[in-house]
Amino acid sequence: MNRFPANYLLVALALLLGGCATVSKDEAFEDINQDLEQRLGERVHWKQGRPEDEQVAQHVSDLLAGEISVAQSVQVALLNNPMLQARFEDLGIAQANLVQAGLLNNPVFHGEIRWPREDEGRNYDLGVSLDFLRILTIPLRRKVAEAGFESAKLEVSAAVLDLSAQVRKTFYQAQAATQSVEMMQQVVQSTGAAVHAAERLHAAGNIPDLRLANQRALHEEARLFLAAAEGVVLAGRERLNVLMGLWGRDTQWRLAARLPEPPGSDPDLTQIERRAVNSSLELASARLKLQSLAQQLGLDKNTRLLPEFELGYAFERDDGEKEDGISLGLQIPLFDYGQARVARGQARLRRAQQEYLSTAIQVRSAARLTRESVRLAHARVNHVRKVMLPLSQQIVDESLLSYNAMQIGVFRLLRAQERQIALGQRYIELLRDYWIARADLDLMLSGRMPDGGGMLASATSGDAPMASGNSGGH
């Protein structure tokens with residue numbers, strides 16, 4: 001009997017296993033960092049219990065020591081947000097899947113021992129086998145896993161971009177709320193002055209009880225608006241604390257209170273559709289999905305008629321005689337010859353193709369909508385700043401001159417001042433909407449579609465309360 005050289009089998013398996021090297025998750029993270037530096041101008045850090053973690057923690061503390069800007073708040077969030085750190089672990093999971101795809105199944109050991117009833121001694125069969133079909137399909141399986149690994153990298157980059165945009169929007173909202181509190185404090189002072197004036201006129205018998213009650217009601221309403229505005233500031237700070245991953249004493253940071261004025265001209269919005277499509281992470285992820293499904297379909301087609309095939313080594317002792325050789329296990333594809341798997345794979349691939357087309361349409365639409373949002377927001381801010389605010393100041397100045405000349409009463413002067421304050425509040429809201437639209441634009445050009453929260457912001461919103469009483473006496 002020819003003996004099967006089992007050592008040859010072991011050598012062949014060792015060679016196969018030696019070809020299962022994979023990409024390091026650290027190298028993948030560095031690829032992400034380089035990509036984000038191009039898209040966002042920022043780098044991120046993955047906390048893994050290394051000495052660099054302490055340096056990053058100290059850098060975060062330094063950033064929080066002074067008055068923080070929007071750029072600093074983004075940097076703190078990218079370095080410190082725990083949910084983002086959790087997303088980084090997806091790289092480890094995808095890398096483990098890639099390693100798994102390149103591994104052989106564990107060998108199956110099987111044995112049989114028999115004791116003859118009459119004769120002494122015992123007979124036994126021993127063997128070990130491997131799934132041979134798994135060996136043949138390792139290259140194809142690795143390609144599928146590699147596409148999944150690349151997809152995980154894109155998802156991590158998308159999470160970073162989304163967090164950056166969310167921090168920017170929340171920061172601008174917190175700044176606007178802080179400025180609104182200042183405006184509302186002026187409204188409370190103005191309505192309080194109107195109440196004092198009304199009380200003096202009422203004591204002199206120049207206005208009726210109803211007029212005095214109206215002025216007091218407006219003043220109390222202004223105080224309620226102020227309390228609500230202060231609550232918005234607190235809520236905005238807490239949202240930023242969550243996004244930046246802060247707690248304890250680190251939450252005592254100071255916010256740069258003023259929203260920046262818009263630039264003199266619109267940003268470059270030419271060919272925004274093409275730029276958005278070229279940088280889109282959604283489309284890149286959809287392409288990887290198509291690639292993965294196509295490779296999986298190829299794997300299903302190539303293996304549909306291949307039976308499950310086990311190859312191994314067997315050893316037998318029978319009546320004192322020893323034999324060894326190869327063992328084979330073969331499943332005959334009699335009923336299931338892979339037709340359902342192939343049909344399912346084809347349907348999934350066609351679905352992914354349509355989803356890719358739909359995503360491309362959405363990206364182009366979002367790019368156009370973001371462009372128009374920025375343009376309209378910039379036009380509204382400039383109109384209020386260049387036309388309406390100077391006009392409001394002129395009305396207040398003329399009203400003051402008329403009051404000094406005793407041509408109008410104090411209530412008309414106060415009303416003009418309150419309208420000016422209300423317009424200032426409106427300008428803050430428009431300025432906030434503009435910077436939120438800019439954050440959406442930056443996100444769009446970085447490769448992610450905005451959520452739409454800052455797009456085409458409403459041209460109308462609640463104004464500060466104003467006294468509505470008629471002009472009174474002197």
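Throughout, numbering of the chain's residues begins at 1 and tracks the sequence.
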Trainee: Checking side-chain polar atoms at under 3.5 Å, does Asn33 have a donor or acceptor matched by the opposite partner on Glu37?
Mentor: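 There is no such pair between these side chains.
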Trainee: Between atom CG of Leu288 and atom CG of Leu293, what is the distance when rounded to the nearest 0.5 Å?
Mentor: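 Leu288 atom CG to Leu293 atom CG measures 11.0 Å (nearest 0.5 Å).
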Trainee: Would you give the length of the straight line joining atom CD of Gln95 to atom CZ of Phe149, rounded to the nearest 0.5 angstrom?
Mentor: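 The CD atom of Gln95 sits 6.0 Å away from the CZ atom of Phe149.
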Trainee: Give a yes or no on whether the backbone of Pro260 and the side-chain of Trp435 come within a donor-acceptor separation of less than 3.5 Å.
Mentor: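 Indeed, once roles are kept as given, a pair shorter than 3.5 Å links the two residues.
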Trainee: Phe29 vs Trp46 aromatic rings, parallel, tilted or perpendicular, using cut-offs 30° and 60°?
Mentor: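 Ring orientation of Phe29 relative to Trp46: tilted.
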Trainee: Taking the side chain as every heavy atom from C-beta outward, state whether Ser392 and Arg419 have any pair of such atoms under 4.5 Å apart.
Mentor: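 A side-chain contact is absent here, since even the closest heavy-atom pair is not under 4.5 Å.
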Trainee: Salt bridge (Lys or Arg N to Asp or Glu O under 4.0 Å) between Lys289 and Glu150: does it pass, once the steps are laid out?
Mentor: CA-CA 10 Å; Lys289 183 179 180 180; Glu150 293 299 320; over 6 Å; no
Trainee: Using atom types as modelled and distance alone, determine if a side-chain donor or acceptor of Ser285 lies under 3.5 Å from a backbone N or O of Glu282.
Mentor: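 Checking the backbone N and O of Glu282 against the side chain of Ser285, no donor-acceptor pair under 3.5 Å is found.
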Trainee: Can any side-chain N or O of Asp53 pair as donor or acceptor with the backbone N or O of Arg50 at less than 3.5 Å?
Mentor: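 Yes, Asp53 side chain to Arg50 backbone: donor-acceptor pair under 3.5 Å.
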Trainee: Under a 3.5 Å distance rule, please check whether Ser157 uses its side chain to pair with a backbone N or O of Ile32 as donor and acceptor.
Mentor: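 It does not hold such a pair.
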Trainee: Short question: side chain of Gln179, backbone of Leu259 - any donor-acceptor pair under 3.5 Å?
Mentor: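 Such a contact is found between Gln179 side chain and Leu259 backbone.
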Trainee: Looking at Ser365 and Ile361, would you say the former's side chain and the latter's main chain have a donor-acceptor pair under 3.5 Å?
Mentor: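 No; zero donor-acceptor contacts below 3.5 Å.
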Trainee: Taking atom types as modelled, is there a side-chain donor on Asn278 or Arg275 under 3.5 Å from an acceptor on the other?
Mentor: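 No, no side-chain donor-acceptor contact under 3.5 Å.
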Trainee: Counting distance only, does the side-chain N/O of Arg39 pair as donor-acceptor with the main-chain N or O of Ser446 below 3.5 Å?
Mentor: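 Yes, Arg39 side chain to Ser446 backbone: donor-acceptor pair under 3.5 Å.
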Trainee: Would you say Gln362 and Ser358 are linked by a side-chain donor-acceptor pair, where the criterion is simply a distance under 3.5 Å?
Mentor: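 Note: Ser358 and Gln362 side chains meet the donor-acceptor criterion.
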Trainee: Between Gln85 (side chain) and Lys47 (backbone), is there a donor-acceptor pair under 3.5 Å?
Mentor: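 Answer holds: yes.
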Trainee: When rounded to the nearest 0.5 angstrom, what is the spacing between CD in Gln34 and CZ in Arg43?
Mentor: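 Taking CD in Gln34 and CZ in Arg43, the distance rounds to 7.0 Å.
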Trainee: Sub-3.5 Å donor-acceptor pair from the side chain of Gln58 to the main-chain atoms of Gln55, do we have one?
Mentor: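 Looks like no, no N/O pair under 3.5 Å.
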Trainee: Is Glu182 paired with Arg258 through a side-chain N to carboxylate O contact shorter than 4.0 Å?
Mentor: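 The answer is yes: the pair qualifies as a salt bridge.
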Trainee: Salt bridge or not between Arg375 and Glu372? Use side-chain N to carboxylate O under 4.0 Å.
Mentor: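 Salt bridge between Arg375 and Glu372, a charged N being under 4.0 Å from a carboxylate O: yes.
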Trainee: What do the steps show when you test Trp253 against Leu63 for side chain to side chain contact (heavy atoms under 4.5 Å, CB included), and what is the final call?
Mentor: CA-CA 9 Å; Trp253 46 268; Leu63 291 173; over 6 Å; no
Trainee: Is there a side chain to side chain contact (heavy atoms under 4.5 Å, CB included) between Val76 and Ile68 once you walk through the steps?
Mentor: CA-CA 10 Å; Val76 171; Ile68 64 171; 6.0 Å; no
Trainee: Given side chains that start at C-beta, do those of Val44 and Phe88 come closer than 4.5 Å, heavy atoms only?
Mentor: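 The answer is yes, as the side chains (C-beta and beyond) meet within the 4.5 Å cut-off.
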Trainee: Walk me through it: do Gln166 and Asn81 pass the test side chain to side chain contact (heavy atoms under 4.5 Å, CB included)?
Mentor: CA-CA 12 Å; Gln166 191 175 4; Asn81 183 282; over 6 Å; no
Trainee: Between Asp90 and Arg87, is there a side-chain N and carboxylate O pair less than 4.0 Å apart?
Mentor: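 Looking at Asp90 and Arg87, the cut-off is met.
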Trainee: Using every non-hydrogen atom in the two residues, find where Ala229 and Met184 come nearest and quote the distance to one decimal.
Mentor: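 Minimum heavy-atom separation between Ala229 and Met184: CB-CG, 4.3 Å.
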Trainee: Roughly how far, to the nearest 0.5 Å, is the OG1 atom of Thr178 from the CD atom of Glu230?
Mentor: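 One finds 10.5 Å between CD of Glu230 and OG1 of Thr178.
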Trainee: So Asp162 and Asp451, side chain to side chain contact (heavy atoms under 4.5 Å, CB included) or not? Walk me through it.
Mentor: CA-CA 9 Å; Asp162 289 344; Asp451 58 10; over 6 Å; no
Trainee: When rounded to the nearest 0.5 angstrom, what is the spacing between CZ in Arg239 and CG in Leu234?
Mentor: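 It is 10.5 Å, given to the nearest 0.5 Å.
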Trainee: With a 3.5 Å distance limit and no angle check, can you tell me whether Thr251 reaches the backbone of Trp247 through a side-chain donor-acceptor pair?
Mentor: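 A pair under 3.5 Å: no.
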